[in-house]
Amino acid sequence: MGVYTFLYNDKFLKIGKAGPNSNARFLSQHYTGSAMSTLSGSILADPDMEKFRLTKDNVGQWIKNNCRRIDILLDVEVGIFTLELIEATLHYRYEPKYEGFASQR
């Protein structure tokens, strides 16, 4: 299990977690545009990103080419609460662009 982060131009775009049974979420879903809650879904819905002319077909490659990904991998034995604490701490510190609602910030 782990916490993943995506940075673009020194700004955190997405910080999330994947539990021990969430390989797809951790490895691939953020690149495919399969859901709005993924990084690709957020980028495709963001008017600020229209200048890149991204589509479901090319957003994943754009992420791979332009974003830095940092993963924090944890043994399942440390528990889900530790995973959630690390994710929450990173949210607090870095305020990722595509987490939460802008109106609540």
What's the verdict on side chain to side chain contact (heavy atoms under 4.5 Å, CB included) for V3 and L73, showing C-alpha distance, side-chain angles and the deciding distance? CA-CA 7 Å; V3 176; L73 303 177; over 6 Å; no
N66 side chain vs I63 backbone, donor-acceptor pair below 3.5 Å: no
Grouping I, L, V, M, F, W and Y whenever their side-chain heavy atoms are under 4.5 Å apart, do I86 and Y92 come out in a common cluster? no
Between R68 and F6, is the side chain to side chain contact (heavy atoms under 4.5 Å, CB included) condition met? List the steps. CA-CA 6 Å; R68 180 175 176 209; F6 291 93; over 6 Å; no
Holding to side chain to side chain donor-acceptor pair (under 3.5 Å), I want the full list of residues that pass it with D10, two or more places apart in sequence or in another chain. none
Which heavy atom of L39 sits nearest to which heavy atom of K14, and what is that distance? CD1-CB, 4.0 Å
Hey, mind stepping through L90 and I72 against side chain to side chain contact (heavy atoms under 4.5 Å, CB included) and telling me if it holds? CA-CA 11 Å; L90 293 174; I72 301 169; 3.8 Å; yes
Distance, nearest 0.5 Å, that separates CG of N9 from SG of C67: 8.5 Å
If you define the side chain from C-beta out and look only at heavy atoms, does anything of M1 sit under 4.5 Å from V78? yes
Interatomic spacing from CD1 in I80 to CD in E87 - rounded to 0.5 Å: 9.5 Å
What residues, two or more places apart in sequence or in another chain, satisfy side chain to side chain donor-acceptor pair (under 3.5 Å) together with D46? K97, Y98
What residues, two or more places apart in sequence or in another chain, satisfy side-chain contact (heavy atoms from CB on, under 4.5 Å) together with F52? Y8, M49, L54, W62
Any chance you could lay out the side chain to side chain contact (heavy atoms under 4.5 Å, CB included) test for I15 and Y94, step after step, and finish with the verdict? CA-CA 9 Å; I15 297 173; Y94 296 109; 4.2 Å; yes
Value rounded to 0.5 Å, distance of CD in E99 from CZ in F12: 11.5 Å
Search all heavy atoms of A18 against all heavy atoms of L83 and return the closest pair with its distance. O-CD2, 3.9 Å
Quick check: do S42 and L13 have side-chain heavy atoms less than 4.5 Å from each other? no
Sorted by chain and residue number, the side-chain contact (heavy atoms from CB on, under 4.5 Å) partners of K51 (sequence neighbours excluded) come out as none
Those residues that, when tested against T89, pass side-chain contact (heavy atoms from CB on, under 4.5 Å) (two or more places apart): L85
Non-hydrogen side-chain atoms of T5 and L7 separated by less than 4.5 Å: yes
Least distance between heavy atoms, T32 atom then K56 atom: O-CE, 4.0 Å
Quick one: side chain to side chain donor-acceptor pair (under 3.5 Å) partners of E84, sequence neighbours excluded? none
